[in-house]
Colleague: 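Sharing a structure, written as structure tokens. Questions coming.
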Amino acid sequence: MTLATKYDPRSVEEKWYAYWIEKGFFHSQVDKGRVPYTVVIPPPNVTGVLHMGHMLNNTIQDVLVRRARMQGKNACWVPGTDHASIATEAKVVKMLAEKGIDKKSLSREEFLKYAWEWKEEHGGIILKQLRRLGASCDWDRTAFTMDDIRYESVIRVFVDLYNKGLIYRGVRMVNWDPVALTAVSDEEVIYKESHSKLFYLRYYIEGSDRYIVVATTRPETILGDTAVCVHPDDERYQWLKGKKVIVPGVGRVVPIIMDEYVDREFGTGALKITPAHDINDYALGMKYGLESIDIFNDNGTLNEKGGQYEGMDRFACRKQIMCDLEAAGLVEKTEDYTNKVGHSERTDAVIEPKLSAQWFLKMDSLSKKALEVVENGTIRFHPAKFKNTYRHWLENIKDWCISRQLWWGQRIPAYYFEKDGRTHTVVAATEEEARQLAAEKYGYSGALRQDDDVLDTWFSSWLWPISLFDGIRNPGNSEINYYYPTADLVTGPDIIFFWVARMIMAGEEYLKDVPFRNVYFTGIVRDKLGRKMSKSLGNSPDPISLIDKYGADGVRVGMLLTAPAGNDLPFDESLCEQGRNFSNKLWNALRLVSGWQVADSDSQTSTLDSQLSSNSVAVQWMEQRMAQVLEEVEHCFDEYRLSEALMATYKLAWDDFCSWYLEMVKPAFGTALDRETYDATISIFSRLMLMLHPFMPFVTEEIWHQLQDSDTVSSIMTQHMPTSVFYDERFLQRFDTAREVIAGVRNIRATRGLSPKEPLKLSYLATDQRFDISGFEPIIAKLGTVSSIDSVSEKPSASLSFLVGTTECFVPMPSTIDTGEERRKLLADLQYTEGFLAGVLKKLANEKFVSGAPAAVVEKERQKQRDAESKIAALKEQIAAL
RNA sequence: GGGAGUAUAGCUCAGCUGGUUCAGAGCGCCUGCCUUACAAGCAGGAGGUCACUGGUUCGAUCCCUGUUACUCCCACCA
């Protein structure tokens with residue numbers, strides 16, 4: 001069979017992925033005889049499309065999962081999607097608007113029908129895209145945070161936590177998103193620096209022509225002002241005690257209050273109080289019994305309390321009101337000011353603090369346990385620095401606002417009814433149960449009204465590792481018992497609070513155990529300029545086009561090569577190119593090997609390659625080198641250093657295997673390779689594919705198959721990952737010496753203009769016992785094109801030399817050599833070495849060093865001295881010989 | 001305002017308990033090569049005061065002080 005010069009990923013990838021699915025290799029089921037290895041995917045938004053962050057994240061998961069599977073573990077990677085309430089609802093609303101349908105004109109049921117249709121149509125694209133990447137998810141288990149099992153789990157948990165007294169409803173100041181028209185949690189508010197203005201407004205004292213100046217960034221909120229506050233110890237304002245002021249432009253008379261909350265240094269030291277629109281003002285309002293005037297509609301426009309500004313948008317109102325105040329002479333001055341303004345994570349709208357009735361989850365007891373398991377190492381973070389972030393958040397945690405004024409999500413199972421002039425609440429999983437409860441507790445049997453709100457998306461995500469195995473509805477079922485806790489979680493540090501911490505809480509609450517043992521935090525994928533990849537910047541490459549261009553293996557390698565845990569990943573397409581080149585390199589190694597003629601030694605001895613003697617040494621070396629790298633790789637995986645593990649394997653394959661090993665055993669043109677070496681080569685090559693398979697699933701499967709007797713094999717996926725065995729370090733070191741000799745010869749050829757084809761006679765001065773190339777002579781001869789290797793006691797005349805360690809090696813000097821150039825080089829080397837020796841001697845002359853340092857260190861220094869001295873002598877001789 | 005982290009070759013990063021794995025890797029770059037596996041390649045090579053400053057030590061890229069620069073997280077200063 002002839003193989004194409006270039007590796008073609010496309011056909012190979014399609015073929016093998018279909019094969020893997022067909023054979024059910026990704027599927028896992030409970031098997032008590034095997035150790036489980038579970039990973040749950042961070043569920044992407046159901047309507048999302050794959051971006052580079054997903055690529056990185058899922059590549060890492062796949063590497064871990066495939067490796068575990070090959071280690072004989074029962075690997076189970078559960079995929080799924082998140083309903084992403086706000087994001088998805090916003091998309092559906094937008095889609096409807098494009099069709100000319102206003103959400104407000106629809107009933108809840110009608111809207112949800114559209115939403116589910118949309119989900120069925122557009123949902124799950126991202127999971128299909130993951131297949132292109134090679135993700136070995138157990139697709140039979142694909143879940144959705146709003147499918148029946150997950151929906152019911154969420155509802156049950158809500159009821160349970162309510163019954164435990166951990167969930168309560170209350171009127172609080174919450175973060176209101178005026179675009180999505182819902183409350184959001186503290187974590188969903190992103191504070192961004194913004195260039196705004198600080199306005200200084202005059203508040204006249206009632207019945208006086210004196211005024212005080214108050215600074216504000218939000219002049220429109222004066223419509224809701226119900227007090228002005230100063231510091232009780234502020235000398236400037238003592239005279240204001242008990243006075244009242246007139247809100248500028250509004251005319252309302254409000255009291256002056258005095259409270260230590262006020263920062264005397266800021267602005268004028270006087271603060272306007274708008275209890276309805278600022279969290280701190282709200283607290284002060286409560287403290288002093290102030291009226292709370294809400295001036296906004298839910299969508300951020302002014303309501304009827306806004307008087308003449310009614311119906312205006314809050315920002316338009318800001319401008320207008322300043323205009324009007326200016327005209328009325330009520331503005332003292334305006335300054336540029338930089339402050340942080342909260343934006344909605346989902347809609348980017350400026351968050352409005354708003355007083356409303358919401359559901360909250362108490363965090364005190366939940367967070368305590370969650371902190372403990374990370375502190376005591378039951379769960380390990382990689383990198384560990386995120387423990388700090390985690391601790392800080394949990395120690396300062398506030399109750400979680402879990403209700404959202406949306407329709408797309410799990411509807412809160414709280415039911416209301418009126419009896420005896422009061423509103424009562426019952427919480428139950430179904431309306432039927434709620435009815436019973438109402439009857440039992442309150443003797444009520446009329447109609448119930450269900451709460452309109454749905455739950456925060458994260459209130460379903462936090463159960464993910466449990467609900468995927470139905471561990472909420474069926475506690476103690478065989479799946480949850482077997483697969484939980486999961487092994488590794490791979491996610492971004494940006495959702496450590498949203499998701500990681502809360503999953504830990506849910507795990508402790510419902511299974512009394514952690515949800516995972518390790519958390520691998522990936523970095524953020526950035527572009528070459530260090531900018532975050534985003535749609536608006538247009539700097540995010542489309543992952544699928546990258547796969548089309550470089551192959552899935554190429555892209556995977558590209559992502560992994562520069563992605564140490566927790567570090568941001570400056571993505572550059574050339575990395576994928578490197579990955580693609582590597583695939584191709586492996587492919588061509590296959591082409592080489594499969595083109596070899598093989599001869600059994602007893603039958604066709606005469607046609608065997610004459611270098612046979614070097615082959616067994618080569619095999620021996622490659623085996624040892626592989627064992628060494630396997631050990632290194634195992635160590636890397638233990639510490640979740642995936643990019644290092646890949647790089648070590650990459651070098652083993654490219655440098656050691658291709659550049660050295662294959663060159664060593666490669667038969668001369670027209671000759672055959674002995675059977676023994678051929679078999680060893682196939683074996684080594686195959687194991688190399690196993691080592692690379694977690695990183696590059698497709699190309700390794702393809703090559704591995706071509707290396708086997710095709711009728712006896714199933715898949716590389718079902719093979720066992722090789723493990724490190726004993727290797728002889730001294731042997732490997734001695735081989736490196738031989739490598740240096742070869743490099744030395746090649747260097748001389750390259751720099752002195754010697755033909756690469758003309759054989760050279762090599763000799764060396766055997767003065768240093770560390771220099772031991774015995775057994776490697778045939779290899780040196782072959783790769784260095786050397787016709788003879790001799791140990792000599794004297795430098796041969798008319799020769800060029802190079803040093804390997806302290807040993808001088810020689811090749812005959814060609815007549816064309818430029819002795820002047822040669823002399824300059826040697827002199828420079830001599831000068832450097834003399835300087836080096838001087839440093840060593842100085843150190844040895846230091847009495848404190850000789851007596852203070854360990855004997856071994858001093859001896860090393862003495863060795864350096866001897867080496868330098870002999871090198872200097874050698875260099876001087878060479879110079880003289882010129 | 002609080003906390004954490006980073007600073008090593010042109011770029012991205014290793015360097016685990018201070019001492020020949022101490023100055024490394026990959027990419028890039030330079031110079032030769034279309035050597036019958038691979039130019040998506042082969043061979044060779046050049047690049048660094050280990051951010052700056054003091055200190056501890058016989059000895060510091062590594063430990064401690066301080067400085068500077070950048071990054072991230074948290075926080076209700078209008």
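Naming: A, B, ... by sequence-line order, numbering from 1 per chain. Below, all heavy atoms of this structure are taken into account, side chains as well, without hydrogens, waters or symmetry copies. Computed from a predicted model, the values in this text were never measured in an experiment.
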Colleague: For atom NE2 of A:His635, is the number of surrounding heavy atoms from other residues, nucleotides or ligands below 6.0 Å larger than 12?
Modeller: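 No, the 6.0 Å shell around NE2 holds no more than 12 heavy atoms from other groups.
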
Colleague: Side-chain contact, heavy-atom cut-off 4.5 Å: A:Arg862 with A:Val850?
Modeller: yes

Colleague: Which of the following nucleotides, B:C27, B:U12, B:U21, is nearest to the side chain of A:Lys860?
Modeller: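 Looking only at heavy atoms from C-beta outward on A:Lys860, the closest nucleotide is B:U21.
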
Colleague: Is the number of heavy atoms from other residues, nucleotides or ligands within 6.0 Å of CD (A:Glu395) greater than 12?
Modeller: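 Counting neighbours around CD of A:Glu395, more than 12 heavy atoms of other residues, nucleotides or ligands fall under 6.0 Å, so yes.
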
Colleague: What's the base orientation of B:U21: syn (chi within 90° of 0) or anti?
Modeller: syn

Colleague: Between B:U61 and B:A7, how far apart are the two C1' atoms, rounded to whole Å?
Modeller: 11 Å

Colleague: So what does A:Tyr337 touch, heavy atoms closer than 4.0 Å: a base, only the sugar-phosphate, or nothing?
Modeller: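 Sugar-phosphate: the residue A:Tyr337, judged by heavy atoms under 4.0 Å, touches backbone atoms but no base.
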
Colleague: Please give, in whole Å, the distance from B:U12 C1' to A:Leu56 CG?
Modeller: 15 Å

Colleague: Under the rule for side chain to side chain contact (heavy atoms under 4.5 Å, CB included), what residues qualify as partners of A:Asp548, not counting sequence neighbours?
Modeller: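 Side chain to side chain contact (heavy atoms under 4.5 Å, CB included) list for A:Asp548, sorted by chain: A:Arg10, A:Arg132, A:Ile544.
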
Colleague: Using 30° and 60° as the class limits, which term best fits the ring planes of A:Phe685 and A:Phe657: parallel, tilted or perpendicular?
Modeller: tilted

Colleague: Across nucleotides 35-42 of chain B, 5' to 3', mark each nucleotide with B, S or - according to how protein heavy atoms within less than 4.0 Å reach it.
Modeller: -BBBSBSS

Colleague: Could you list the residues that satisfy ring pair (Phe, Tyr, Trp, His ring centres under 6.0 Å) with A:Tyr337, not counting sequence neighbours?
Modeller: A:Phe266

Colleague: Can a salt bridge be assigned to the pair A:Asp736 and A:Arg739 using a cut-off of 4.0 Å between side-chain N and carboxylate O?
Modeller: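 Counted as a salt bridge, because a side-chain N and a carboxylate O are separated by less than 4.0 Å.
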
Colleague: Does A:Lys272 reach a base, just sugar-phosphate, or nothing at all? Heavy atoms under 4.0 Å.
Modeller: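 Result for A:Lys272 = nothing.
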
Colleague: Judged by each residue's nearest nucleotide on RNA chain B, which is more toward the 5′ side, A:Met647 or A:Phe266?
Modeller: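 First, find each residue's nearest nucleotide; the 5'-ward one identifies A:Met647.
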
Colleague: Sequence neighbours excluded, which residues qualify as ring pair (Phe, Tyr, Trp, His ring centres under 6.0 Å) partners of A:Phe771?
Modeller: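 Checked A:Phe771 against ring pair (Phe, Tyr, Trp, His ring centres under 6.0 Å); matches are A:Tyr764.
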
Colleague: Have a look at A:Asp263 and say if it touches a base, only the backbone sugar-phosphate, or nothing, with a 4.0 Å heavy-atom cut-off.
Modeller: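 Result for A:Asp263 = base.
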
Colleague: For the side chain of A:Lys385, counting heavy atoms from C-beta on, which of B:G5, B:A25, B:G44 is nearest?
Modeller: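 Selected nucleotide (nearest to the side chain): B:G5.
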
Colleague: Choose from B:A78, B:C27, B:C16 the nucleotide whose nearest atom is closest to any side-chain atom of A:Val262.
Modeller: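 Taking heavy atoms from C-beta onward, the closest nucleotide is B:A78.
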
Colleague: Within the 4.0 Å heavy-atom criterion, would you say A:Ala743 contacts the bases, only the backbone, or no part of the nucleic acid?
Modeller: sugar-phosphate

Colleague: Without decimals, in angstroms, what is the distance between A:Leu575 CG and B:C13 P?
Modeller: 11 Å

Colleague: On a whole-Å scale, what distance lies between the C1' atoms belonging to B:G10 and B:A4?
Modeller: 30 Å

Colleague: Considering every strand and a 4.0 Å limit on heavy-atom distances, what is the contact class for A:Arg641: base, sugar-phosphate, or nothing?
Modeller: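 Sugar-phosphate contact only - A:Arg641 comes under 4.0 Å of backbone atoms but never of a base.
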
Colleague: Can you measure A:Leu569 atom CG to B:C27 atom P for me and round it to whole angstrom units?
Modeller: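 These atoms are roughly 17 Å apart.
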
Colleague: Who passes side chain to side chain contact (heavy atoms under 4.5 Å, CB included) against A:Asp225, sequence neighbours left out?
Modeller: A:Tyr203, A:Ile222, A:Val247, A:Lys272, A:Thr274

Colleague: My understanding is that only residues two or more places apart in sequence, or in another chain, count here; which of them pass salt bridge (charged side-chain N to carboxylate O under 4.0 Å, His left out) with A:Arg172?
Modeller: none

Colleague: Can you confirm whether more than 12 heavy atoms, excluding those of A:Glu634, are under 6.0 Å from its CD atom?
Modeller: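 For A:Glu634, atom CD is crowded (more than 12 foreign heavy atoms under 6.0 Å).
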
Colleague: In whole angstrom, give me the gap between the P atoms of B:C13 and B:U67.
Modeller: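 Each nucleotide's P atom is 26 Å from the other's.
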
Colleague: Nearest whole angstrom, please: distance from the C1' of B:G19 to the CG of A:Leu844.
Modeller: 13 Å

Colleague: Taking only the C1' atom of each, what is the distance from B:A9 to B:G3 in whole angstrom?
Modeller: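 One C1' to the other, the span is 33 Å.
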
Colleague: Between B:G66 and B:G28, how far apart are the two C1' atoms, rounded to whole Å?
Modeller: 37 Å

Colleague: Atom CG of A:Asn388 and atom P of B:G2: how far apart are they, to the nearest Å?
Modeller: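 It works out to 17 Å between those atoms.
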
Colleague: Under the side-chain hydrogen bond (donor to acceptor under 3.5 Å, both in side chains) rule, collect the residues that match up with A:Thr5, sequence neighbours excluded.
Modeller: none

Colleague: For A:Glu644, which contact category applies under a 4.0 Å heavy-atom criterion: base, sugar-phosphate, or nothing?
Modeller: sugar-phosphate

Colleague: Between A:Lys354 and A:Glu352, does any NZ, NE, NH1 or NH2 come within less than 4.0 Å of an OD or OE carboxylate oxygen?
Modeller: no

Colleague: What distance, rounded to whole Å, do you find between the two C1' atoms, one in B:U36 and one in B:C42?
Modeller: 14 Å

Colleague: Show your working on side-chain contact (heavy atoms from CB on, under 4.5 Å) between A:Met647 and A:Tyr650 and close with a plain yes or no.
Modeller: CA-CA 5 Å; A:Met647 184 47 74; A:Tyr650 174 95; 3.8 Å; yes

Colleague: Check side chain to side chain contact (heavy atoms under 4.5 Å, CB included) between A:Ala501 and all other residues, then give those that pass, not counting sequence neighbours.
Modeller: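 Scan of A:Ala501 (side chain to side chain contact (heavy atoms under 4.5 Å, CB included), adjacent residues dropped) gives A:Tyr390, A:Trp393.
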
Colleague: Under the rule for side chain to side chain contact (heavy atoms under 4.5 Å, CB included), what residues qualify as partners of A:Thr338, not counting sequence neighbours?
Modeller: A:Glu193, A:His195

Colleague: Got a list of protein N/O to nucleotides 57-62 of chain B N/O distances below 3.5 Å?
Modeller:
residue : atom : partner  : partner atom : Å
B:C58   : O2'  : A:Asn846 : ND2          : 3.2

Colleague: Should B:G47 be called syn or anti, with syn set as within 90° of 0?
Modeller: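 With its glycosidic angle within 90° of zero, B:G47 counts as syn.
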
Colleague: Take nucleotides 69-76 of chain B nucleotide by nucleotide from the 5' end and write B, S or -, depending on whether a protein heavy atom sits under 4.0 Å from the base, only from the sugar-phosphate, or from neither.
Modeller: ----SSBB

Colleague: Could you tell me how far apart A:Arg752 (CZ) and B:G45 (P) are, to the nearest whole angstrom?
Modeller: 11 Å

Colleague: Roughly how many Å is it from CG in A:Leu646 to C1' in B:U12, rounded to a whole number?
Modeller: 14 Å

Colleague: If you measure from the C1' atom in B:A23 to the same atom in B:U8, how many Å do you get, rounded?
Modeller: 9 Å

Colleague: Extract the stems that RNA chain B is part of, considering only consecutive pairing runs of at least three Watson-Crick or G-U wobble pairs, both distances under 3.5 Å.
Modeller: B:1-7 with B:68-74, B:10-13 with B:24-27, B:29-33 with B:41-45

Colleague: Expressed in whole Å, how much space separates the C1' atoms belonging to B:U53 and B:A69?
Modeller: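 It works out to 15 Å between them.
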
Colleague: Could you state the NZ-P distance from A:Lys651 to B:G24, rounded to the nearest angstrom?
Modeller: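 Roughly 13 Å, once rounded to whole Å.
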
